[in-house]
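Fair warning: this is a prediction, and the values are worked out from it, not measured in the lab.
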Amino acid sequence: MPGVAVKLYSVFFKLLLKHRLQNLISISAADGLSDSFGVSTRSDESVAAANPSFTDGVATKDIHIDPMTSLTVRIFLPESALSPPEPDSLRHKDNFHHQTRSDRRHSYGPNHNSPAPAERNESRRNSYGCNNENLEPYGGYAPSAKRNSRKLPVMLQFHGGGWVSGSSDSAANDFFCRRIAKVCDVIVLAVGYRLAPENRYPAAFEDGVKVLNWLGKQANLAECCKSLGNRRVNGVEVKKLNVQGQIVDAFGASMVEPWLAAHADPSRCVLLGVSCGGNIADYVARKAVEAGKLLEPVKVVAQVLMYPFFIGNNPTQSEIKLANSYFYDKPVSVLAWKLFLPEKEFDFDHPAANPLAHNRSGPPLKLMPPTLTVVAEHDWMRDRAIAYSEELRKVNVDSPVLEYKDAVHEFATLDMLLKTPQAQACAEDIAIWVKKYISIRGHEFSY
């Protein structure tokens, strides 16, 4: 069973969340909080400022990608991207193929045969990091066109918060994404989608697809920059100064995101959704399957659903037995769904709520990407998530389930639980599975 501290925190968490939801419902009914621009963060939530230098192994920056809405992304770039590309023979050691789970976890720790951290970091900064030639105007890291940059997979992350709260730059989400970027060795794009009730369904889902398309656009713009080189266009000489300095908009601002242009490999794209973000991730995965080659060079190779916010009209055993479970209990979650779904569409078998609903549209399940599902023992939503995973397995989609004992909803992402051993272990387990699909072909990890 969860500890006393978790139980007490859960009581206060539910009281505050219920109060917020009821206030939003009353305000929405009275004033109508419809706003096409929307909000992607709440003023009363703790946020972490972006830090574009590698002070703790990960640099971050925020980008507002849609001028018509509040949609933003926070980029998490791990310092490993600054290392020069390794020869294929050295990219993955043979001993990784037969390590036990505990050994693999230890493999993410310090290498005792490598230089001391201070020496290694100083060496990196002198060679690839934030020296004078690698500084943005605001003092952060800027890639150099003189160096052969290492390409990393990209992970789109969708935060939780019951549709009405949470953000890509919240302190808890910032900590979680930094951890994932390091253990998975990926560039994380945390999506700051529009919140309800200012923007109800399908706004958050459309925002997820919009970011995926934006990633593809960035990859194509980066390729255009490379192809321009030093040449004359319409009689004007175009000089290739660096990866971000060639294609500009009408205001003279660069359209190419330099971190992604230098370090992102969108052909190895993973979706990760937390709680209600899992519903968004699954929707984006379906749209990616439908788009097919139209998304190139972006390719969604896998998705991770962490305790997805699924519900349905016919209650499962866990929905009955654990209805009053910790943090997001069923009565509170129902309020969240009332704020998210349009009043005329309110139905627990809505495609956004129930992935196995009879009216689900989109591609057949057999075309879905490999899907890892994380569930908690004391989460009333667990049975429906497991059922979805089982349906995927029936059509030969790789869809394992990781169940954590004595765990609660958001046990690996909630602020007070982030630093627990169970939260760390969950991130490492996700990394082990994800690396099957993002490792360079021929160097996959065994699983």
Considering only heavy atoms from C-beta outward, does the side chain of [X] approach that of [Y] to under 4.5 Å?
{"X": "I438", "Y": "M155", "result": "no"}
{"X": "L417", "Y": "V6", "result": "yes"}
{"X": "Y141", "Y": "P52", "result": "no"}
{"X": "Y437", "Y": "L372", "result": "no"}
{"X": "L212", "Y": "V298", "result": "yes"}
{"X": "L260", "Y": "W214", "result": "yes"}
{"X": "F54", "Y": "L82", "result": "yes"}
{"X": "C269", "Y": "K299", "result": "no"}

Residues two or more places apart in sequence or in another chain: which of them pass salt bridge (charged side-chain N to carboxylate O under 4.0 Å, His left out) with K210?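 Partners of K210 under the salt bridge (charged side-chain N to carboxylate O under 4.0 Å, His left out) test: D66.
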Does [X] reach the main-chain N or O of [Y] with its side chain, forming a donor-acceptor pair under 3.5 Å?
{"X": "R42", "Y": "V164", "result": "yes"}
{"X": "K338", "Y": "F346", "result": "no"}
{"X": "Q422", "Y": "K405", "result": "yes"}
{"X": "D379", "Y": "R382", "result": "no"}
{"X": "E45", "Y": "G166", "result": "yes"}
{"X": "R178", "Y": "D56", "result": "no"}
{"X": "N279", "Y": "A352", "result": "yes"}
{"X": "H263", "Y": "R150", "result": "yes"}
{"X": "S40", "Y": "L71", "result": "no"}
{"X": "W433", "Y": "V304", "result": "no"}

Atom pair [atom1]/[atom2] of [X] and [Y] - distance to nearest 0.5 Å:
{"X": "D207", "Y": "R194", "atom1": "CG", "atom2": "CZ", "answer": "4.0 Å"}
{"X": "S399", "Y": "E390", "atom1": "OG", "atom2": "CD", "answer": "9.0 Å"}
{"X": "L295", "Y": "S267", "atom1": "CG", "atom2": "OG", "answer": "12.5 Å"}
{"X": "M306", "Y": "F411", "atom1": "CE", "atom2": "CZ", "answer": "6.0 Å"}
{"X": "L356", "Y": "Y388", "atom1": "CG", "atom2": "OH", "answer": "7.0 Å"}
{"X": "S333", "Y": "L17", "atom1": "OG", "atom2": "CG", "answer": "8.0 Å"}

Ignoring hydrogens and angles, state whether a donor on the side chain of Y307 or T413 is under 3.5 Å from an acceptor on the partner side chain.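 Yes, because at least one side-chain N or O of Y307 sits under 3.5 Å from a partner of the opposite role on T413.
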Closest non-hydrogen atom pair, [X] against [Y]:
{"X": "P355", "Y": "A353", "answer": "CD-O, 3.8 Å"}
{"X": "S361", "Y": "R286", "answer": "O-NH1, 3.4 Å"}
{"X": "V183", "Y": "A427", "answer": "CG2-O, 3.8 Å"}
{"X": "L418", "Y": "R179", "answer": "O-NH1, 2.7 Å"}
{"X": "I311", "Y": "N354", "answer": "O-CB, 3.2 Å"}
{"X": "A219", "Y": "P297", "answer": "CB-CG, 3.5 Å"}

Taking the six-membered ring for Trp, are F13 and H409 closer than 6.0 Å centroid to centroid?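 No, the ring centres sit 6.0 Å or more apart.
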Do the two ring centres, one from Y328 and one from W337, sit under 6.0 Å apart? no
Determine, for E345 against R200, whether the closest basic-nitrogen to carboxylate-oxygen distance falls under 4.0 angstrom. no
Look at D282 together with R360 and state whether they make a salt bridge at an N to O cut-off of under 4.0 Å. yes
Run through T373, V284, T371, V270 and flag the one making a side chain to side chain contact (heavy atoms under 4.5 Å, CB included) with Q303. T371
Taking everything shown except K7 itself, do over 12 heavy atoms lie less than 6.0 Å from its NZ? yes
Can you tell me if NZ on K151 sees more than 12 non-hydrogen neighbours from other groups inside 6.0 Å? yes
Checking C426 against L402 for the side-chain contact (heavy atoms from CB on, under 4.5 Å) test, could you report, in this order, the C-alpha distance in whole Å, the side-chain angles of both residues, the deciding distance, and whether it holds? CA-CA 9 Å; C426 179; L402 293 180; over 6 Å; no
Test log, rule side-chain contact (heavy atoms from CB on, under 4.5 Å), inputs W259 and I63: CA-CA 12 Å; W259 290 6; I63 300 179; over 6 Å; no
Could you please spell out the steps behind the side-chain contact (heavy atoms from CB on, under 4.5 Å) verdict for I187 and I75? CA-CA 7 Å; I187 298 173; I75 303 178; 3.9 Å; yes
Might you work through the side-chain contact (heavy atoms from CB on, under 4.5 Å) test for Y326 and Y9, ending with a clear yes or no? CA-CA 9 Å; Y326 305 94; Y9 187 75; over 6 Å; no
Which pairs, with at least one residue in residues 176-199 and sequence neighbours excluded, count as a ring pair (Phe, Tyr, Trp, His ring centres under 6.0 Å)?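 Passing the test, one end in residues 176-199: H159-Y193.
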Using 30° and 60° as the class boundaries, would you call the ring planes of W163 and F309 parallel, tilted or perpendicular? perpendicular
Going by salt bridge (Lys or Arg N to Asp or Glu O under 4.0 Å), D398 matches just one of K366, K436, R393. Which one? K436
